[in-house]
Amino acid sequence: MGGTKILLYEAGVDHAELIKRTLNKSNEGYHVVICNNPANFRQELGKLLNYGLILYSLFREDDTGLEILEHPVVKEQIPVVFLSGPVDEFKGAELIRNGAIDYIQKTQRNIENMAFFVTRAIREWENINARKLAEQKLLETQSKYRLVTENINDVIWETDLKMLKFTFISASIKGLLGYTNHEFLQLKPTAVLHPDSFREMNQIRKMITLRVGFGEKPSDIQFTLDLAFYHKNGNIIWGEVRGFLVVDENGQANAVSGIVRNITMQKYAQQQLAIRDAYFETLFREAPLAIILLDNNDRIIQINEQFVKLFGYSEEEAIGQPINELIVPENLMEEGNALTLMAYRGDYIDYDTFRKNRYGDLIPVHILAKPVMLNNSKLGVLAIYQENWDRKTN
């Protein structure tokens, strides 16, 4: 993976440089080539075999991203990760169904963690290709089946049709859960699966029974889910489980088989991000001070409940509005613009002044503001407004 060359198609120069610096700082040795316009990107398409991944930013509403996925060199040969502005779950799901490896919103947090997303995408791509090969060979003779299991890092497994007993496990189970093949085959699924995950496996078993009962061909039935396993030492190991029915020459199902990929680190990273987000959201939402986040054009991108109470604007009314036009009195506009310029330069704002609410009433406030920086690039401004009762009474 080290030294992977990445083609980044991003029209926003600031975003492009920020993503490039973030990736260059990672320990993976990524080399990023930026294309800021369609002409440069088309030129690089002729050199695609030199790239290990494409980061493609969707910035036009009519850009579906499907054209790049259908490119003859890209299709099934180079992983594509799409970057977007506001979340569009439908578009993201559609792109992934058509072959994209991931779909990421260009938030500050995601850009900070772009190396994690890229590394995950490349590993996922490598595992997909490995699984495709493995799954193809699993349908061949038993001898070839066992040969594949000795040459893949993921764990290949097989159970009886009721999924109550393991009938085969690859040697790679030792690396995943610490058991030898012989030890593991003596265990029941209830002994190695967390109770919640065992219940999920039961749901899969019921789903298989229903689908077969409705006449669906067993060879068409597949499933993917994340399960928590118990390591031999008692630790929790997360695995992405891909499964399918093993059929005989008559098309009748006689076992359930598949592959498990270790995703413990990804789960841990997601958990840490979720915890950090929860702390920030709680602080932002519950703080007894009015807090706002601004973009680089001084437009409001987020406010808390105290801002609503202090200035009278609802979230729908405030989001997207220039902060100065919304709450700076006309006679203090010059002062407001000066503070904006100071924040843009990177200065810390600690200032007493007046601001107006939606009804035009003047409010004495103490302002604290600081640019939000990432890798020496300004992403926006965080500002805090506290009603200044001392000034109000003087």
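Keep in mind that what you see is a predicted model, and the values were worked out from it rather than measured. Residue indices begin at 1 and follow the sequence shown.
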Side chain to side chain contact (heavy atoms under 4.5 Å, CB included) between F198 and L227, worked out: CA-CA 8 Å; F198 183 74; L227 298 179; over 6 Å; no
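- Nearest heavy-atom pair across F307 and I291 is CB-O, 4.2 Å.
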Candidate pair S57 and K106, rule side chain to side chain contact (heavy atoms under 4.5 Å, CB included), full reasoning: CA-CA 9 Å; S57 183; K106 287 185 291 188; 2.7 Å; yes
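- Taking a 6.0 Å sphere around CD of Q186, one finds it holds more than 12 heavy atoms contributed by other residues, nucleotides or ligands.
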Working for side chain to side chain contact (heavy atoms under 4.5 Å, CB included), residues L95 and V80: CA-CA 10 Å; L95 288 168; V80 180; over 6 Å; no
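- G65 approaches I68 most closely through the heavy-atom pair O-CG2, 3.0 Å.
- For the salt bridge (Lys or Arg N to Asp or Glu O under 4.0 Å) test with E240, the passing option among K267, R123, R261 is R261; the others fail.
- A pairwise comparison of heavy atoms in L53 and A121 identifies CD1-CB, 4.0 Å as the closest pair.
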R355/E335 under salt bridge (Lys or Arg N to Asp or Glu O under 4.0 Å): CA gap, chis, key distance, verdict: CA-CA 11 Å; R355 291 295 179 257; E335 171 203 89; 3.2 Å; yes
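- Here I367 contributes atom CD1 and I327 contributes atom CD1; the two are 6.5 Å apart, rounded to the nearest 0.5 Å.
- When all heavy atoms are compared, the tightest approach of P371 to A343 is CG-O, 3.0 Å.
- Looking at every heavy atom in both residues, F229 comes nearest to V260 through CE1-CG1, 4.1 Å.
- A perpendicular orientation is assigned to the rings of F311 and Y385, their planes being inclined by more than 60° (bins at 30° and 60°).
- Neither side chain, Q321 nor Y313, offers a donor N or O lying under 3.5 Å from an acceptor on the other.
- Here the options are L55, N110, N113, the test is side-chain contact (heavy atoms from CB on, under 4.5 Å), and the partner is I104; only N110 passes.
- Considering only heavy atoms from C-beta on, Y179 comes within 4.5 Å of L187 through its side chain.
- The cluster map of Ile, Leu, Val, Met, Phe, Trp and Tyr, joined by side-chain heavy atoms under 4.5 Å apart, puts L225 and L193 in the same cluster.
- Between Y56 and F41, the ring planes are perpendicular. Angles over 60° get that label, and only those under 30° would be called parallel.
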Side chain to side chain contact (heavy atoms under 4.5 Å, CB included) between V365 and T353, intermediate numbers included: CA-CA 6 Å; V365 294; T353 185; 4.1 Å; yes
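- Side-chain polar atoms of E112 and Q108 form a donor-acceptor pair below 3.5 angstrom.
- Judged by the 6.0 Å distance and 45° axis criteria, K370 is not positioned over the aromatic ring of Y348.
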Worked check of salt bridge (Lys or Arg N to Asp or Glu O under 4.0 Å) between R345 and D347: CA-CA 6 Å; R345 289 201 309 256; D347 295 340; 3.0 Å; yes
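- Counting non-hydrogen atoms of other residues, nucleotides and ligands closer than 6.0 Å to NZ of K5 gives a total above 12.
- Other residues, nucleotides and ligands place more than 12 heavy atoms under 6.0 Å from the CE atom of M207.
- Contact between K356 and L326 at its shortest, heavy atoms only, is CE-O, 3.6 Å.
- The number of heavy atoms from other shown groups lying within 6.0 Å of CD (E330) does not exceed 12.
- N324 and D298 form no side-chain donor-acceptor contact under 3.5 Å, judged by distance and modelled atom types alone.
- Between F82 and L69 the shortest side-chain heavy-atom distance falls below 4.5 Å.
- Using a distance-only test at 3.5 Å, with no hydrogens or angles considered, a donor-acceptor pair links the side chain of Q77 to the main chain of P72.
- Partner of Y30 under the side chain to side chain donor-acceptor pair (under 3.5 Å) criterion, out of T4, T119, N24, T22: T119 alone.
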